[in-house]
Each structure stands twice: as C-alpha cells, then as structure tokens.
> 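Below you'll find the structure I mean.
Small disclaimer: the values here were computed from a predicted structure and weren't measured. Computation of the quantities below employed the complete heavy-atom set of this structure, encompassing side-chain atoms and omitting hydrogens, waters and symmetry-equivalent molecules.
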Amino acid sequence: MPPKSPRPGTTGELFTVSRTFQVDLRGVVDLLSRHLYSSPRVYVRELLQNAVDAVTARRAREPGAPAEIAVEAGDGVLRVTDTGIGLTEAQVHELLATIGRSSKRDELGFQRHEFLGQFGIGLLSAFLVADEVRVVTRSVDGGPAVAWTGRSDGTYAIGPGERDEPGTTVTLDARPGAEQWFVPGTVAELATLYGSMLPFGITVDGRPVTTPVPWAADDRAPGQRQADLVGYAQDTLGFTPFDVVELDVPAAGLTGVAYVLPFPASPAEHGGHRVYLKRMLLAENAPGLLPDWAFFARCVVDAGELRPTASREALYDDGQLESAREALGDRLRGWLAGLARTAPDRLNRFLGIHHLGVKALALHDDEMLRLVEQWWPLETNVGRMTMAEFRGRYGLLRYCATADEFQQLAGVAAAQDIAVINGGYTYDSELAERMRALEPDLVVTRLEPSDLTTAFAELDSATALATRPFVAAAQRHLDRLGCEVVLREFQPSSLPVLYLLDRAAAFAGELRATKDQVDELWAGVLSAFEKPADDRPQLVLNHRNPLVRRISLLRDDTLRGLAVESLYGQALLFGRHPIRPADAALLNRSFLGLLDQAVPEEETR
C-alpha cells in the first residue's frame with residue numbers, strides 16, 4: 001500500500017492515529033435532564049435500582065445474606081445504604097467511572113434486561129440534583145472499603161473508605177436550587193412511589209415503605225383477595241372498578257390486574273397503565289400495554305422481561321410487547337365471553353356504561369363488532385333486540401338512518417309486516433353496514449319510502465277508475481309544491497295520509513331551497529347538480545281511511561282542494577318534516593278555508 005501523501009501546507013507523512021472520545025459530563029447531564037428524564041425525581045428510582053441490583057447479586061451468591069436498603073434524608077443530604085454485593089477498587093473503576101460499557105457489569109453479577117442497566121448511565125441521574133456523588137463500598141470478595149467521589153465536571157477520585165460490612169452507601173448533597181428534592185417528606189413519597197412493591201425491605205428514615213403485592217398468590221381467602229384488589233384501585237387509581245380481571249403472561253414474566261372502568265371512557269383517549277419492572281415502578285401512565293379496543297380497562301402489572309425505553313418511563317414497543325399485548329387482549333376477550341356465558345346481566349351493565357366507546361371501536365375492530373352484534377340491544381319497530389336476533393329472525397338488516405325517519409315510518413312499516421331498526425342512534429347505521437365486512441352475503445339495506453309504497457296495496461281496477469278524477473284534482477292542487485299524489489290502501493286504516501320523501505327527493509328539495517337563497521352565480525353552479533324531477537316526494541292517501549274515502553267523493557272542487565291541502569299539512573307534521581314558507585302558507589290557508597266552509601255566513605246573521 002503506498003504511503004499517504006502529506007496534507008497540503010504541511011510537511012512529513014500523515015499518520016492514522018486512534019484516539020478516545022472525550023465525554024463532557026455536564027453536557028451529558030444536561031442532555032439527560034432536558035431530553036431523557038421527565039423530572040429530576042427519577043434520581044431516587046435509579047439509586048434504589050442500583051441498591052436492589054446489588055442486593056440481588058449478593059443473594060444469588062449467598063441466599064441467606066441480609067437484604068436491606070435504608071434511605072436517609074435531611075439538611076439537604078440524601079444517603080442510600082444497601083447490604084449488597086459491594087465493589088472492589090477495580091470494579092469501582094469499571095462500573096462507576098465508565099459510561100456505556102456493560103460487559104464487566106454483567107460478569108460481576110449486575111446483568112439486567114433494562115436498557116439503562118445495560119448502558120450504565122443510571123447513576124448519572126444523581127447529577128440532576130447534585131454536583132457531587134460520594135460512594136463508599138466494600139466487596140463481599142474481601143479487601144478494604146473504597147471511597148469514590150464523582151463530580152459533575154467529569155472528574156472523579158478514589159481513595160480508602162470506612163465500612164465494616166459488605167455493601168454500599170451513596171451520598172448526595174443538594175445542588176443549589178434542587179433542595180426540594182431532598183426534603184424528607186418528598187424523598188419518602190418518591191421512595192414509596194417507586195419502591196413500594198420491591199421484594200426487599202426498604203426504609204426511609206427508619207420507616208418501612210414496602211407493601212405486599214396485592215395480586216400475589218398467597219393464602220388469603222378469595223373474598224379478602226378481591227377486597228384487597230378493589231381497595232388498591234380505590235387508593236391508587238382513585239375509582240372503584242366495575243370488575244377486576246387478573247392477568248398472567250408467563251412469556252413476558254407479567255402478572256397483575258386489569259381494572260374495568262366504572263364510567264364511560266373515550267376510545268380516542270388511550271389511557272395509560274401503571275407498570276412495574278421487576279417490581280420497581282416504571283411508569284404511572286404507560287401507553288400501549290393493551291390493544292386499542294380495550295380502552296375500558298386500566299392495568300397495574302409487574303413485568304420481568306419487557307424492555308423499557310431509555311428514560312425507563314415507558315415500554316419499548318418491540319415484538320415482545322406486541323406478544324404481551326395480544327395475550328392481554330385475549331384475557332380481556334375471555335372475560336367478556338365469560339360474562340356473556342355466566343352473567344349476561346353484568347355484560348349488559350358493562351355495555352350500558354361503555355356502549356359508545358365499544359360501538360366506536362366496532363367500526364374498525366371485528367372482535368368488538370361481534371360483541372356488539374351478539375349483545376347490544378337495538379331499538380326496532382318490533383321490540384328491542386340485538387342485530388344477531390334481528391337477522392336471525394328476518395334474514396337481513398333493514399334500518400332507518402335517522403331517528404326522524406324511524407318515527408315517521410316505523411309504525412306504518414310494522415303494519416305492513418316490515419321490520420326495521422332505528423339506526424338514528426350513534427353509530428348504529430354504520431355498524432349495520434359494517435356487518436357486510438364480516439358476512440359479505442348478508443343483506444343490509446336502508447329502508448326507503450319507496451319500499452313502503454311498493455308494500456302498499458294497489459286499488460282494484462274499478463275503484464282506481466272511479467277515484468281517478470279525485471286523484472287528478474288533488475294533484476292539481478299540490479303541483480305547485482312539487483308533490484306527487486298517490487292513492488293506496490295500507491294499514492293502519494286510522495292513518496289517513498303519509499308523506500314519503502326519499503333521499504333523492506330530499507336532496508333535490510334542499511338544492512332548490514339553497515338556489516332560492518343564493519346569488520345568480522351560485523344558483524347557476526348549483527343548477528349543474530339538478531336532475532329530472534322523477535323522484536318527487538309522494539303524498540300517499542290511504543283509501544282504507546273513512547275520511548279519505550269521504551273526501552274522494554266530494555264534488556265541490558274548492559272544498560276538496562282545501563281537504564287535500566289539510567291532509568298534506570297533517571302529513572308533514574306527523575312525519576316531522578321541515579315546514580317551508582310555502583307549506584306554512586298552505587297550512588294557514590287550508591285551515592282558515594275549512595273554518596269558512598264549516599261556518600257559513602248566513603248562519604252568523
């Protein structure tokens with residue numbers, strides 16, 4: 001290989017030299033405080049985690065070794081003492097003065113699955129609140145105690161220490177401005193928050209902070225265990241759960257409970273979960289532990305194999321978390337299926353609380369759609385029933401898209417033996433349509449007014465011929481309103497008239513009304529959307545109604561016109577249709593005209 005050429009402007013040869021990166025500890029600490037950790041309070045967690053690791057490592061070698069962690073706080077000083085494995089001087093150099101190297105740490109028995117443990121930067125969190133960290137440690141392998149002092153400027157010193165028994169003591173002095181993190185009450189609160197479930201005895205100023213894991217397997221009676229789990233939710237999460245579902249995912253080393261919320265929750269707001277990692281609190285609101293459809297539950301779990309993010313405040317979303325998420329989803333599905341089999345009343349109560357969220361997710365999640373289909377009762381014109389019951393009985397799903405449509409058509413449809421669902425409630429119409437995604441052969445149709453017209457009986461030929469003049473006269477009176485008059489026979493006979501407006505006719509009516517209110521330019525634009533007026537609304541007169549039959553026999557055209565106009569107005573009101581200015585004028589005119597006919601002038605003289 002030819003020698004390298006000198007750089008321009010220099011003499012001699014260019015040599016390749018390997019050098020070591022220089023770490024600016026202040027810059028690293030600033031990076032941690034601003035971008036990694038959400039709060040300086042995590043320094044308590046990291047000190048506890050180091051102490052727990054040390055005790056765990058010693059217990060692995062000496063099962064009967066003491067397992068105690070003591071925290072003392074006061075006068076701006078924090079001290080954490082453990083009875084762990086301790087360190088030799090060589091190990092102090094390797095573990096405390098090196099950032100990012102984990103191989104020696106693993107060899108010494110401190111191997112952890114957590115991300116920060118692997119990269120050896122947990123102790124740096126102490127520099128968030130202190131300018132100096134003092135460590136006195138003595139190894140179980142013998143040798144003298146060692147004192148290590150690390151400073152935030154990146155320097156450290158090692159010398160002899162004073163300690164009789166194996167273990168480690170870490171001491172911090174509060175940096176100016178960080179004194180609030182050293183207040184005894186604050187330290188006790190943080191130690192309790194992070195370490196209350198740790199398997200070793202932890203005291204803060206002599207007071208124990210650890211408590212039993214509420215879901216741990218022990219000799220408690222089932223009723224007491226349930227009461228303890230509910231009490232934990234009340235004390236820690238602030239609510240009394242609708243139900244408690246115990247969780248166990250061996251592959252993730254995960255145990256815990258899912259609390260079903262007793263109040264409605266929005267699927268769009270993915271609630272966080274309380275997650276412990278090897279019984280150390282990782283996060284109070286960790287997202288992503290449950291599938292999106294399980295929005296109705298909040299979990300408290302301890303996991304041994306899931307990986308945390310670098311900040312140790314959330315879970316790393318990898319394949320292992322995905323597997324755990326699926327397993328937890330299966331457990332909650334099993335809970336729902338169990339309610340369906342053994343406690344349908346409780347399932348109905350659950351749906352009564354969470355039906356809006358369940359239905360919202362059912363628009364996208366097939367499992368939730370099946371749940372809604374099987375268990376959520378819908379309003380129909382033949383009584384309340386589920387979609388599964390409706391299609392099992394009628395072979396299809398037929399619905400009205402709005403509550404007004406249902407109010408207008410339900411009774412008439414029932415009289416014609418046409419069953420229909422009220423799809424006017426939130427998501428009901430969309431869910432009926434989405435059932436096609438589960439069963440492509442299923443007939444799902446929206447009830448159109450024309451469907452009713454088709455179901456109405458035609459008049460016999462003689463009656464149709466005899467009433468033709470009446471229908472023609474009625475049509476003349478209503479032509480200016482864009483309405484088609486039809487004479488049919490239908491049930492119930494007590495209903496004289498029905499105003500039927502399908503979607504095409506409704507659109508055309510709205511288009512005409514809008515054109516009347518805009519300027520000439522926009523009216524011209526809207527004209528491009530107009531279609532031939534074949535889909536006019538229909539005024540269906542019921543020939544089975546005695547009043548309609550009497551009106552059809554009237555010979556006075558004026559009186560007949562007023563009667564037909566009154567029936568038109570009554571149909572609008574009955575069907576809850578909007579009243580246009582022309583309709584209001586017609587109602588007023590027909591009412592006054594009928595009064596005038598009913599009270600002849602000669603009788604008032």
Side-chain angles (χ1 to χ4, degrees), residues 400 402 404-413 415-416 418 447-459 463-513 532-554 556-591 593-594:
C400 289
T402 67
D404 285 343
E405 276 187 17
F406 184 80
Q407 291 294 329
Q408 175 193 0
L409 303 177
V412 179
Q416 319 311 312
I418 298 176
L447 180 67
E448 294 286 358
S450 58
D451 298 333
L452 290 180
T453 308
T454 303
F456 294 161
E458 297 275 357
L459 304 182
T463 304
L465 183 63
T467 56
R468 186 177 296 171
F470 163 68
V471 174
Q475 186 65 64
R476 287 195 302 273
H477 284 283
L478 297 181
D479 263 339
R480 64 184 181 279
L481 299 174
C483 181
E484 178 186 3
V485 178
V486 179
L487 189 62
R488 294 286 188 270
E489 291 185 345
F490 58 86
Q491 296 292 347
S493 60
S494 59
L495 182 66
V497 65
L498 194 63
Y499 184 82
L500 299 180
L501 178 69
D502 62 21
R503 280 179 286 178
F507 174 78
E510 291 175 2
L511 191 64
R512 286 193 297 270
D534 296 333
D535 296 319
R536 292 185 297 171
Q538 291 183 328
L539 186 72
V540 185
L541 301 173
N542 186 4
H543 193 259
R544 288 182 180 174
N545 181 266
L547 176 61
V548 172
R549 287 200 298 269
R550 292 202 303 273
I551 294 173
S552 69
L553 297 176
L554 291 173
D556 186 330
D557 187 63
T558 300
L559 183 58
R560 183 167 53 189
L562 290 172
V564 169
E565 290 175 350
S566 296
L567 288 175
Y568 171 83
Q570 195 264 349
L572 290 181
L573 296 174
F574 174 79
R576 301 183 182 183
H577 297 285
I579 304 297
R580 301 170 297 175
D583 299 327
L586 177 142
L587 282 168
N588 185 58
R589 182 177 63 253
S590 62
F591 176 72
L594 288 175

> For F406, give me all partners under ring-ring contact (aromatic ring centres under 6.0 Å, His included), at least two apart in sequence or on another chain.
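Once residues adjacent in sequence are excluded, F406 has no partner under the ring-ring contact (aromatic ring centres under 6.0 Å, His included) criterion.
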
> Who pairs with A455 by side chain to side chain contact (heavy atoms under 4.5 Å, CB included), at least two apart in sequence or on another chain?
Q416, I418

> Show your reasoning for whether side chain to side chain contact (heavy atoms under 4.5 Å, CB included) applies to V471 and V486.
CA-CA 7 Å; V471 174; V486 179; over 6 Å; no

> Does any N or O in the side chain of Q491 come within less than 3.5 Å of the main-chain N or O of S493, such that one atom is a donor and the other an acceptor?
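Yes; judged by distance alone, with no hydrogens or angles, the pair exists.
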
> Can you tell me how far SG of C483 sits from CG of L586, rounded to the nearest 0.5 angstrom?
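These two atoms lie 10.0 Å from each other.
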
> Any side-chain heavy-atom pair from S566 and F591 closer than 4.5 angstrom?
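No, every pair of side-chain atoms sits at 4.5 Å or beyond.
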
> Working to the nearest 0.5 Å, report the span between OG1 of T467 and CG of L541.
10.0 Å

> With rounding to the nearest 0.5 angstrom, report the CG to CG distance, L409 to L498.
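Here the rounded value is 6.5 Å.
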
> Not counting sequence neighbours, which residues clear salt bridge (Lys or Arg N to Asp or Glu O under 4.0 Å) with R589? List them please.
E565

> Can you name the residues that form a side chain to side chain contact (heavy atoms under 4.5 Å, CB included) with L573, not counting sequence neighbours?
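Scan of L573 (side chain to side chain contact (heavy atoms under 4.5 Å, CB included), adjacent residues dropped) gives I579.
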
> Report the residues that fulfil side-chain hydrogen bond (donor to acceptor under 3.5 Å, both in side chains) with T463, sequence neighbours left out, ordered by chain and then residue number.
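Result, side-chain hydrogen bond (donor to acceptor under 3.5 Å, both in side chains) vs T463: D460.
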
> So how far is it from L481 CG to Y568 OH, rounded to the nearest 0.5 Å?
4.5 Å

> With R550, which residues qualify under salt bridge (Lys or Arg N to Asp or Glu O under 4.0 Å), at least two apart?
none

> With no hydrogens and no angle check, is any side-chain donor or acceptor of R536 less than 3.5 Å from a backbone partner on G482?
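Checked: no pair found.
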
> R560: which residues meet the side-chain hydrogen bond (donor to acceptor under 3.5 Å, both in side chains) condition with it, sequence neighbours left out?
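Here the qualifying residues are D557.
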
> Which pairs pass ring-ring contact (aromatic ring centres under 6.0 Å, His included) with one or both residues in residues 467-496, sequence neighbours excluded?
F456-F490

> For the atom pair CG (L487) and CD (Q475), what is the distance rounded to the nearest 0.5 Å?
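CD of Q475 is found 12.0 Å from CG of L487.
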
> Indicate yes or no for a side-chain donor-acceptor contact from Q538 to the backbone of E484 under 3.5 Å, with no hydrogens or angles considered.
no

> Between D583 and L572, does the side chain to side chain contact (heavy atoms under 4.5 Å, CB included) criterion hold? Intermediate values first, please.
CA-CA 9 Å; D583 299 327; L572 290 181; 3.7 Å; yes

> What I'd like to find out is whether the side chain of V540 reaches to under 4.5 Å of the side chain of V497, using heavy atoms alone.
no

> Might you work through the side chain to side chain contact (heavy atoms under 4.5 Å, CB included) test for E489 and L459, ending with a clear yes or no?
CA-CA 7 Å; E489 291 185 345; L459 304 182; 3.4 Å; yes

> Apply side-chain hydrogen bond (donor to acceptor under 3.5 Å, both in side chains) to H577 and list each qualifying residue two or more places apart in sequence or on a separate chain.
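Partners of H577 by the side-chain hydrogen bond (donor to acceptor under 3.5 Å, both in side chains) criterion, ordered by chain and then number, come out as Q408.
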
> Residues in salt bridge (Lys or Arg N to Asp or Glu O under 4.0 Å) with D404, at least two apart?
none

> Among residues at least two apart in sequence or on other chains, which ones pass side chain to side chain contact (heavy atoms under 4.5 Å, CB included) with A563?
I551

> Could you tell me whether a side-chain N or O of N542 sits under 3.5 Å from a main-chain N or O of P492, the two making a donor and an acceptor?
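Confirmed, N542 side chain pairs with P492 backbone.
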
> With rounding to the nearest 0.5 angstrom, report the CZ to OG distance, R544 to S494.
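These two atoms lie 12.0 Å from each other.
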
> Please identify each residue that fulfils side-chain hydrogen bond (donor to acceptor under 3.5 Å, both in side chains) with Q407, with sequence neighbours left out.
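With neighbours one apart ignored, the set is empty.
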
